[in-house]
Amino acid sequence: MGRYKDAWRRSIEEPAGFWGEAAGAISWDREPTVVLDDSSAPFFRWFPDGQLNTCFNAVDRHVADGRGEQAALIYDSPVTGTTATYSFAELQDQVARAAGALRALGVERGDRVIIYMPMVPEAVVAMLACARIGAVHSVVFGGFAPHELALRIEDAKPKVVVSASCGIEAGRVILYKPLVDAAIEESAHKPQHCVVLQRPQAEAGLVTGRDVDWAAATSAATPVDCEPVHATDPLYILYTSGTTGRPKGVVRDNGGHAVALRWSMDQIYDTHPGEVFWAASDVGWVVGHSYIVYAPLLAGCTTVLYEGKPVGTPDAGAFWRVISQHRVKTLFTAPTGFRAIKRDDPKGALLAGYDMSNFRYLFLAGERLDPETYTWASQLLGVPVVDHWWQTETGWPIAANLMGMEPMPPKPGSATVPVPGYDVRILDVDGKEVPAGTEGAIMIRTPLPPGTLTTLWGRDDAFVASYMSEVPGYYLTGDGGHFDEDGYLFVMGRVDDVINVAGHRLSTGEMEEIIAGHPDVAECAVIGVFDDLKGQVPRGFAVLKAGVDRDPEIIAAELVERVRSQIGAVASLRRVDVVAALPKTRSGKILRKTMRAIADGVDEPIPSTIDDASVLEKLQPILRGS
Ligand code: COA
Ligand code: AMP
């Protein structure tokens, strides 16, 4: 571990030297003279006096360097039967026009633009166009319902929303425009304009004076150049689930982000200019931001934008087809995608006949990689399968096997070692470090490295309260786990109300708020239970108000529908049980952890603080029932 250990130690002991060197890979309009400003901790600022443009580094720079004809983006869409390739020069032209169109609609540096789009190239173009003019994008995952979109519109207060007429999911066309209209209706903040990409599968009606057609606006636009911004200016806001119904607006800066992502492509992903990188995720998630859009483009790689699923579009051989057709070197996706492939094609028969000769690495993240899926994928593909751990907040991996720096022997179940820049510690409930082999809260000593969240949008106090207050000097990850004797990190799962469903991050607290809002419900609990495909799925339990005599099954169905319509289908809440009572401690705290353990069939002592053990006894068969 020599090379890695030296790099990690230097990154912690001498962060200015370490990241100052990494900054050399970025093209600056004004070179930073200061690497880290820690004068307002825990608000750390990287490269505070530097100026750059992220879009320039991701696009224009490669054209200037002679890569103009190289493929920048390959759009592969089995759901529409389309593939299209955009060179860096073509991408530059489209982004410059889209930036011009946004400018013409009054979008200026610092203004917010919400992007609510399916996996189409225009989503990437819109993101880069914002970066080009210093506007702050906030991409909202297309699977979220209008209420979730409305929450984000209200918080980010965008001048413009960019959307599309429809998305395509499992053979059905989902009309986006009515969802956008409903969200704007619900939100107190009203954006001035909506730019709508009309897709051939469905034409959306436009509101005169407010709505603008994407094709008309971009073709009429005057292309605009990249505007230098401060390294510390926000590049984007990405909302993620916290423990309540209010999503957290993670803020990413320009300078630290560009430096960290560029560095990660060499050192972690071992993928270099001209090679093909494919993150099979969605631009609405952090993986999509970092590894569909920014990192591969910053590194001069070709990125693949895939509008399809691992299975069903058309079958479990889809990933092998894309890898072979586009000569993918590195695939990054969530374990759930591989579990879906394994379920449909357990022997991997559909791999036969595909040319996988360019394929070198499979990176997995977003949820715990179960050893069975790890072994299956490793044996089938014969390439390193790299489990790595990260969060929306960090934007790039906290722990990984650094394939470009020093590959290490993998240990199934472990995300390997802390990445340089991350001083990961395991602490007990008193904030004391625990020895190897002992489970605890995973915390990271501050400063966090460049590229990690700088604050929550408009809520510095919530940033400090959520992440920086549990133990002063440490960032609270919300995950639990341990180190082994060799310094390998094992991330075992969230210790808060966040769950990961098919690689999608959701809040059980938010689902509880929605269920509790039903007029017949007195109280409720939502827990994440084990699911062999999606990793976890939520299950709800509701106690009705005294005197409610409606059919409990009808109420349960209404509760399922309520969550689906307010959060979206991705919530995957399929079952709510109406029960007589919920198990609690004597001080009235619902025993969610105990309920989860029983549902998962895990041995866990029943807390001595339980108020009425008979409540739990009665609930046990319901919890165990599948
Ligand atoms: N727009 C609208 N609806 C969406 C959507 C989108 N972008 N994405 C998902 N949904 C819907 C699905 O159609 C489904 O609806 P349904 O309940 O009516 O069937 C629901 O949300 C749940 O979707 P999902 O959790 O994705 O389950 P699935 O059964 O459709 O597919 C997998 C299962 C494993 C194939 C799929 O989850 C997958 O490909 N996962 C990879 C995850 C990933 O890329 N994560 C990003 C982090 S790396
Ligand atoms: P998100 O913010 O959506 O990226 O989700 C972050 C959460 O996903 C983390 O806090 C973890 O709980 C989980 N996660 C991500 N990657 C891994 C991994 N490799 N192993 C275990 N859990 C993971």
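Every value quoted in this text rests on a predicted model; they were computed, and no experiment measured them.
- Below 30°, between 30° and 60°, or above 60°: for Trp396 and Trp19 the angle between ring planes is above 60°, a perpendicular geometry.
- Checked by atom type, the side-chain pair Thr416/Lys411 shows no donor-acceptor distance below 3.5 Å.
- Checking Asp155 against Tyr239 by side-chain atom types alone, a donor-acceptor pair falls below 3.5 Å.
- Environment of NZ in Lys589: sparse, with no more than 12 heavy atoms of neighbouring residues, nucleotides or ligands closer than 6.0 Å.
- Under the rule for a side-chain hydrogen bond (donor to acceptor under 3.5 Å, both in side chains), the partners of Gln391 that lie at least two apart in sequence or sit in another chain are Tyr475, Asp479.
- For Thr454, the side-chain contact (heavy atoms from CB on, under 4.5 Å) partners are Arg45, Val251, Asp253, not counting sequence neighbours.
- For the side-chain hydrogen bond (donor to acceptor under 3.5 Å, both in side chains) with Glu367, the lone residue among Arg339, Arg494, Lys534 that qualifies is Arg339.
- With hydrogens and angles left out, the side-chain atoms of His482 and Glu439 include a donor and acceptor closer than 3.5 Å.
- Between the side chains of His388 and Tyr269, a donor-acceptor pair is found at a separation under 3.5 Å.
- In this pair, Tyr176 and Tyr116 present their aromatic rings tilted. The plane angle is within the 30 to 60° band.
- Taking 4.5 Å as the limit, every side-chain heavy atom of Met468 sits out of range of all side-chain heavy atoms of Leu476.
- In this structure, the side-chain hydrogen bond (donor to acceptor under 3.5 Å, both in side chains) partners of Tyr236, at least two apart in sequence or on a different chain, are Arg252.
- For the residue pair Thr455/Asp460, the side-chain donor-acceptor check at 3.5 Å is satisfied.
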